[in-house]
2 protein chains.
Amino acid sequence: MALEPDQSAPGPAGTERGAALYRKVAADLREAITTGAFGEAGRLPAEGALAEQYGVSRGTVRQALAVLRSDGLVTSRRGTRRVVLGNARVQSFSELLSFTHWARSMGEEPGGILDSLVRRPADAAEREQLRLEPGAEVYAIVRLRTLSGAPVMVERTVYPPRVGELVAELPADVVSHTEQLREHGILFTDADHTIDVVAANAEDARLLGCRRGSPLLRERRRTTDPTGTPVEWSQDRYLPGTVAFSVHNSLATSALSRHARDSD
Amino acid sequence: MALEPDQSAPGPAGTERGAALYRKVAADLREAITTGAFGEAGRLPAEGALAEQYGVSRGTVRQALAVLRSDGLVTSRRGTRRVVLGNARVQSFSELLSFTHWARSMGEEPGGILDSLVRRPADAAEREQLRLEPGAEVYAIVRLRTLSGAPVMVERTVYPPRVGELVAELPADVVSHTEQLREHGILFTDADHTIDVVAANAEDARLLGCRRGSPLLRERRRTTDPTGTPVEWSQDRYLPGTVAFSVHNSLATSALSRHARDSD
DNA sequence: TAGTGGTCTAGACCACGCT
DNA sequence: GCGTGGTCTAGACCACTAC
């Protein structure tokens, strides 16, 4: 019942992918949970038992369980075994940030029709979001995103100069800006999202083929790189019925908030 | 520079509230970060330095930092010091679940106008969400929620019998069902949220005073207790411009997903 | 190469849920 | 009272960043 014993040749052992032990344990437990090995709402083995089973320390087991906990797969409470919560639909960070990656993960064909790309002075809100000095410029891009040819979302992204220069040089038919940026060494590691409803403006209506004033689901997102520097400030507006956002949270970890009003 | 040395009398030491050491460290660091002690995008001291400073082990410091990490306050990367990310607006789990608690935290006066409360057989979707057997009954409640008297949201909550019986016995003018349930020993510890846009139906229009077909921000939520048993399945519909939801996530912890379509 | 966070271990004690 | 997860310690080694 031990972990896959790294059956690669004696070579550079552990040079595999998601190397960390606790990730392997987490992956194995996730598999067991989703295939129903512990039952619908069953109890997991004790941490000590799992540690022995996998041949690792209890600390490592706890690290693995923390992953499943934050994914909403299991509960945790002092005094009782952990309980299977549900088959949480997990999504990687990059599937969430990249429309292209997301579409492909569903087997759909993503498209991006460039509407405009300009370099211009940043306004006050943009300067604050991207942490730029007064007088700084930004690259502003408007694109219509499609799934299998059908309009789904209007994407308005503002990049700081360093990033925008890279995007501006991409061929107009490149679908995934995010992937291109990654290949140029721009990393996305943290994001703040705000979700609400807005009425379509004239441009939205023209691009999406809806009526002006009709409702759209809006996601605003500020993304930063590993050094904490903002690399993207985007506002996406979806046609109703095309997407929904879902979040899991708990007493222990609550990354979701509800806010009054709507500072634009 | 040590932690507040638990200056209570020798009595039952540590019987305070948020007792855990790492929580005190986290609270102290959060304070330092939000008051700008490390600068706008500054670097934190090394884990070892913090451990010495607080007189705790490195493991405890790491536990504290993990809290701030998941709140989106700091980054973390192998090889470099942690960086201050931003002043994340944090919200407690109960502020998120309870309209009443949320409203009061903003200094507004919450209201709840009961529209209907019925006991009836659960439909298929409700049975699945609340994990009930075929033929089971539920309590279904529709309420108009207000802030300072103004309509904000229509709340449609379905409770399993065990919980619904308690709610049904509450006086009609009780504002916070959540708080009452907590006092009856019903605990809310985990929740799954799905956020999207829908058109107002006739009932929504009547209660909210909007037109039929006008857009509403919808939050559907399934809440469970510490044993993993569903205790609530709610569908809240907000007037546009009254609220927004926000989430922080990162490569390390991603509790947010985007989904196609919209299974009702 | 020095410093940093990431991972892992082994052990200890405690608070809590149950029976 | 027993078993459980929660907290904390002390130490070790590694992978990565930055100089």
Side-chain angles (χ1 to χ4, degrees), chain A residues 3 6 12-27 29 42-52 54-69 74-85 185 187 189 225-229 250-253, chain B residues 2-3 6 12-27 29 42-52 54-69 74-84 185 187 189 225-229 250-253:
Chain A
L3 292 176
D6 231 334
T15 316
E16 301 299 306
R17 330 114 282 144
L21 242 185
Y22 77 90
R23 289 185 186 279
K24 294 183 192 166
V25 174
L29 286 172
R43 288 155 76 232
L44 262 61
E47 293 175 357
L50 289 172
E52 193 171 0
Y54 285 109
V56 301
S57 76
R58 190 181 154 217
T60 299
V61 167
R62 283 182 60 77
Q63 227 175 329
L65 289 169
V67 174
L68 305 182
R69 175 90 182 94
V74 300
T75 65
S76 67
R77 207 168 39 133
R78 202 178 338 223
T80 67
R81 296 266 185 89
R82 291 168 191 269
V83 172
V84 173
L85 255 189
L187 299 177
T189 58
D225 71 12
T227 70
T229 307
S250 71
L251 252 182
T253 71
Chain B
L3 293 175
D6 232 334
T15 316
E16 301 299 305
R17 324 117 288 139
L21 242 185
Y22 77 90
R23 289 184 187 280
K24 295 182 192 168
V25 175
L29 286 173
R43 288 153 78 231
L44 261 63
E47 293 176 357
L50 289 172
E52 192 172 0
Y54 285 109
V56 302
S57 76
R58 190 182 153 214
T60 299
V61 167
R62 283 183 59 78
Q63 227 175 328
L65 289 169
V67 174
L68 305 184
R69 175 92 185 94
V74 300
T75 65
S76 66
R77 205 168 42 131
R78 198 172 348 215
T80 67
R81 295 265 184 90
R82 291 169 192 268
V83 172
V84 173
L187 299 176
T189 58
D225 71 11
T227 71
T229 307
S250 70
L251 252 182
T253 71

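These values consider heavy atoms only, across backbone and side chains, with no hydrogens, waters or symmetry-generated copies. Within every chain, numbering begins at 1; the chains are lettered A, B, ... in the order of the sequence lines, protein sequences first and strands thereafter.
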At 4.0 Å (heavy atoms only), tell me whether R58(A) reaches a base, stays on the sugar-phosphate, or touches nothing.
base

Distance in angstrom units between [X] [atom1] and [N] [atom2], rounded:
X: R23(B); N: dC8(D); atom1: CZ; atom2: P; answer: 9 Å
X: R62(B); N: dT4(C); atom1: CZ; atom2: P; answer: 14 Å
X: Q63(A); N: dG5(C); atom1: CD; atom2: P; answer: 16 Å
X: E47(B); N: dG6(C); atom1: CD; atom2: C1'; answer: 8 Å
X: L50(A); N: dT9(C); atom1: CG; atom2: P; answer: 14 Å
X: E52(A); N: dA10(C); atom1: CD; atom2: P; answer: 12 Å
X: L251(B); N: dG6(C); atom1: CG; atom2: P; answer: 13 Å
X: R78(B); N: dG5(C); atom1: CZ; atom2: P; answer: 12 Å

Result for 5'-nearest mapping on DNA chain C, choosing between T227(B) and R82(B), is R82(B)

[N] phosphate, OP1 or OP2: any side-chain N/O from [X] under 4.0 angstrom?
X: R43(A); N: dG3(D); answer: no
X: R77(B); N: dA18(D); answer: yes
X: R81(B); N: dT4(C); answer: yes
X: T80(B); N: dG3(C); answer: no

Using heavy atoms to find the nearest nucleotide of DNA chain D for S57(B) and A46(A) separately, return the residue whose nucleotide is more 5′.
A46(A)

Of the listed nucleotides dT7(D), dC8(C), dG5(C), the one nearest the side chain of Y22(B):
dT7(D)

State which of dT9(C), dC8(D), dG5(C) makes the closest approach to the side chain of L21(B).
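The closest nucleotide is dC8(D).
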
Measuring from R62(B):CZ to L50(B):CG, what's the distance to the nearest 0.5 Å?
12.0 Å

Can you tell me how far apart OG1 (T227(B)) and CG (L85(A)) are? Round to the nearest 0.5 Å.
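Interatomic distance, T227(B) OG1 to L85(A) CG, rounded to 0.5 Å: 9.5 Å.
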
Sub-4.5 Å side-chain heavy-atom contact between R82(A) and E47(A):
yes

Indicate yes or no: at least one non-hydrogen side-chain atom of V74(B) is less than 4.5 angstrom from one of V83(B).
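SC-SC contact between V74(B) and V83(B) ruled out.
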
R81(B) side chain to P45(B) backbone, donor-acceptor under 3.5 Å:
no

